[in-house]
Amino acid sequence: MATLLRFQFAVLKRRRSFALFMLAFLTSVAALGGYELYYMLHYGYRGFTVLEFSTRYSVLWPSFFLVLTYELLSLPGQCHMDESVDAHRATSHRHRLAALAVPTAVLIAAFCVYLLLRLTVVFASSMAGLLLWHVISAAILDILAPSVIAILLGLLLARKAERFAGYAAIVAFVFVIGPYSEIVPHVFSAATFDAALQVNVYPVFDLFRILAPDQTWSVSPLYGFPLEFQRWAVAGFWIAGLSGLSLPFVLRSTWRGAEYASASLLLIAALLFSAALMPSSTLRRDLRPDATDMADMSYYDRLGTEPPEQLDVRPGFRVAAYDMRFSADRALDAVVSVDLADDAHGDAYRFTLYHGYKITSVSDSQGNALTYSRDGDYVTVRSTAVHERITFRYRGDGGARIANYQCVFLPGYFPYYPIAGFVPLWDRQTHRLIETRRTDGVPADFSVEFDAHVPVTSNLPETGGRFVGRSYAPTFVGGLIARQEILGHGVVFYPAGSWPAQFFEAEIASLRSFERRVGVSRSVLSSGAAVFAPPGLGGDQTAVLPDTLFIASGGFDLLLVGAPPKDNRGLLVQAFRDLLIDPQGLRERCSALPEPRKDEVAKLERLSRSGDNETLQLYDSSAYDVVYRLFYDKVLREGEDAVLKETYAYLMSQDPSSEIGFLTSGTRKVEP
Amino acid sequence: MIRIENLRMSYRKNEALKGVTFELNPGITGLLGPNGAGKTTLLRCMLGIIRPGGGEVVFPPGMRMLHREAGYLPQKYGLFKELTVQEALEYFGVLKDIPRAEIGCEIDECLHKVNLLESKRSRVGTLSGGMMRRVGIAAALLGKPSLLVFDEPTAGLDPEERVRFKRLAASLAKEHTVLISTHIVEDIEALASQVVILDQGMVCSSGTLAETTALAEGRCFLAPDSLVDEGSDGYYVARFVEVDGRPLARVLACTAPDGFTPTTPTLEDGYLCATKGIA
């Protein structure tokens, strides 16, 4: 066997086109990895900011190995060697194994180089504890597995397909697994978007998605590279299936067990195929209608049919305590018991639970099933009797609020457990989930057991494996996390992202400074509140709960959290921010602006009061200088501190006047 | 003696071998047949390259499996062009399970037999077609097989190489049982002691050279070409010849038509009688 291998390598080395092809590939691997290393060492970037770069080019791997394997294994046929080899029935498998060993050995060598360079980045970033196994797993799933699939496919094509058919199959394969094939299901979806029956061929294409999903817009620092169960199942399906089909070519043809081995592999492939089709919570960031960051919009703003109604119905009872048991595997599995108090529910208990979680049972404290109905996010448990405890069992997917094997992101502002009453979840004006919803300002006692494959943390303290405490709405975050005490707050952040711990220190400090300057008496960041960084899962939002803060942008935005969304205040917000952050710059810019004419101001004021979008756009494009100059004049007249306080009070108020109206109306009384 | 018994093979609905039975004796056996007769399929079935649909190959007692005992030179023969002759033969030596210590000597011995010892360090890609065929024979000789199977060994060779092959085959027949499959009758006439004629997947004739030639005894005639009608159902025109400057047709027929003169048959006449059903 060693002799055959030696000669197979000699063929690879002596055939110049093969040698150059291989050299070009190995150089590319080393160059991409080396560039990442250089990027880190020279610019100081770390984690996914660096590691996501070469992942974008992962299609090169299976493409190279498919061509190399096809060429190497069809070479004996081209040389008319096949028949003389096949005449050695008992040993001809050695020839094919030796031929197959060449791309395999090249793959092992290239993969080692790739992995070594990536691990160097990980170790040099001091992130081995956090990222070592994640990066190794991602390399296996995104690079090694597709390359193995390509080698097996190359073997089959070399046995079955002539040159033209072979290369047609190679091009088709590379297209289907590559990022550009997404156009096909997207066209289907777009073409049938308004039709009653929407054609969704994404699930079919998912079976060919053996590469890392397109992460063009960056990897989530909490989630990391997608390593979901479903992706492993798809990779396993192809490897087992192609191995089963190619086994007869590489095993001794006289061995009777070959057929059984082949059949067993095909059976395993069938099982993995079924596993790949099982419903799961998966991070999907493509253009499909139910992609992670599009799922809510598709559901709540759906066209053609009546969008789900957003209800606001008081519960008629209070949840005094929650006893919850969560398990994050392929999706979130939950058993939640609610202890009820102040019960005056009438004929039904009303709860809100995100529609992605499918309820399997509702029962009372004795375990008796209760009748319930579900309308989207709203659950109605029909019972006139008073129950001390109701238990819900459910399982499912929360869209961008993912809970699976590799990540948990269940923010308190999201109803991943039954909330008392019917609560509106979707803001049709901003097309966003309402993130500032609070649990009526009444905290409850929580006792939560969370079974996950990743470290999980919460704003609730953890004792003895349970998260126990009093909260308005607990948050659970798990994955590539770190927790640090910063300025009296427990801050949960993601070291592999671009927001280091220092960022939060600076932002919390600047928020406090801003709040002092604008005269806020009750900080948005209450004492001891937990702070969570944005997970980068799509639709990350700044959100404030009484005991938890989600920072998706800087301290200034936090200052204005809770401000009513008004279309005609945008320029004033910018000027206000400039005065807070860079007053000198504001002075220099505004002193050069001309004094606005009265008729111009009056005209702009009229425009700003329009409810029409086009008129408001016209206003925004022409009012910039006027608003800044008026704001500057106000600062000169009243002083910086007074203007800051007055403007903040105005921005946080429901005052119907426009920003121009505000700036021209003289000094107002500042609300305490 | 190796006995092929009732060998059958089908490609989908096309029956390539319809129960082929014959015996292989020491010396050279020629397997004759027109294109598409099933010769290559028969060899592949015998050697285990493809699994026959029925029948068997019966070996003499003590003989190993045929695919281990046979050296095979396929119709289209090639090697990795990037390897030297010695490396290419070593490659096949491994497939034949020749012990590592013996392989060098054996390669030299086989190359010597085919008169290519001086080219053993040449790259395969630099060899001529005839030399390539001789390397193929050397590869077939590796492992000292008792049976050598050559499929269309002289196809595409120039006359000099054909002569060289015939000499080589004759010398190999002293030590090996040799089966040569071809549709070129002259090659068999010059070499073989036995002839098996295959047509449409069936053995039409099996016997010695003389027995096969005798199939045309009394059925071979010469006639002036003016008397010959090529489309006639009564006889088969084998070829046109010139005797003493006169153009004549060599004709095969069960009974002599008027004006046709009987003549001495050749192996080709016997072959044609067998394949054209002139019995």
Side-chain angles (χ1 to χ4, degrees), chain A residues 1-22 68 71-102 158-160 162 248-256 258-259, chain B residues 40 43-51 64-84 86-100 103-104 123-125 129 132-133 135-140 142-143 145 147-152 156:
Chain A
M1 193 67 192
T3 310
L4 300 189
L5 261 175
R6 183 158 55 88
F7 291 142
Q8 287 281 354
F9 273 104
V11 170
L12 181 72
K13 205 169 71 179
R14 291 174 194 170
R15 188 166 269 227
R16 197 163 295 166
S17 55
F18 282 5
L20 286 174
F21 185 48
M22 196 175 68
L68 182 72
E71 283 292 337
L72 277 174
L73 276 100
S74 56
L75 193 60
Q78 289 170 36
C79 297
H80 307 298
M81 256 177 85
D82 271 351
E83 200 164 341
S84 41
V85 169
D86 289 344
H88 305 88
R89 261 185 74 195
T91 54
S92 59
H93 65 285
R94 291 182 198 164
H95 157 76
R96 285 186 284 273
L97 277 176
L100 199 59
V102 175
R159 294 293 294 180
K160 297 283 180 191
E162 297 297 326
F249 301 131
V250 290
L251 287 181
R252 188 202 301 247
S253 57
T254 51
W255 182 48
R256 290 182 181 201
E259 284 177 5
Chain B
T40 301
L43 300 187
R44 285 177 175 176
C45 284
M46 281 174 61
L47 294 164
I49 297 171
I50 50 176
R51 190 174 295 179
R64 295 177 293 177
M65 291 287 285
L66 191 57
H67 58 263
R68 285 195 172 229
E69 194 65 33
Y72 178 47
L73 176 69
Q75 189 173 350
K76 281 186 179 172
Y77 181 76
L79 296 163
F80 289 128
K81 292 185 177 72
E82 293 76 15
L83 298 183
T84 64
Q86 183 174 19
E87 286 170 339
L89 291 179
E90 205 175 327
Y91 198 95
F92 278 93
V94 172
L95 294 181
K96 292 202 173 203
D97 274 337
I98 298 171
R100 211 187 169 100
I103 203 161
R123 288 272 174 95
V124 169
M132 192 69 192
R133 205 61 63 95
V135 174
I137 294 169
L142 284 172
L147 174 69
L148 290 173
V149 179
F150 299 150
D151 190 7
E152 306 281 4

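- Counting only distance, with no hydrogens or angles, the side chain of R94(A) and the backbone of V94(B) share a donor-acceptor pair below 3.5 Å.
- Classification of the Y91(B)-H95(A) ring pair by plane angle, with boundaries at 30° and 60°, yields perpendicular.
- Residue R6(A) qualifies as enclosed at atom CZ: its count of foreign heavy atoms under 6.0 Å is above 12.
- Rounded to the nearest 0.5 angstrom, L12(A) CG and E82(B) CD are separated by 9.5 Å.
- Checked for salt-bridge contact, R44(B) and E83(A) meet the test: a charged N lies under 4.0 Å from a carboxylate O.
- When the ring-ring contact (aromatic ring centres under 6.0 Å, His included) test is applied to F9(A), no partner is found at least two apart in sequence or on another chain.
- For the atom pair CZ (F92(B)) and CG (L4(A)), the distance works out to 10.0 Å, reported to the nearest 0.5 Å.
- The two atoms that bring C79(A) and F80(B) nearest to each other are SG-CA, 4.2 Å, heavy atoms only.
- With contacts defined as side-chain heavy-atom distances shorter than 4.5 Å, the pair H80(A)/M132(B) does not qualify.
- The structure places OG of S84(A) at 9.0 Å from CG of L95(B), a figure rounded to the nearest 0.5 Å.
- With rounding to the nearest 0.5 angstrom, the CD atom of E87(B) is 4.0 Å from the CZ atom of R14(A).
- Taking OH of Y72(B) as the reference point, atom NE2 of H88(A) lies at 11.5 Å (rounded to 0.5 Å).
- Heavy-atom contacts from other residues, nucleotides or ligands closer than 6.0 Å to CD of E259(A) number 12 or fewer.
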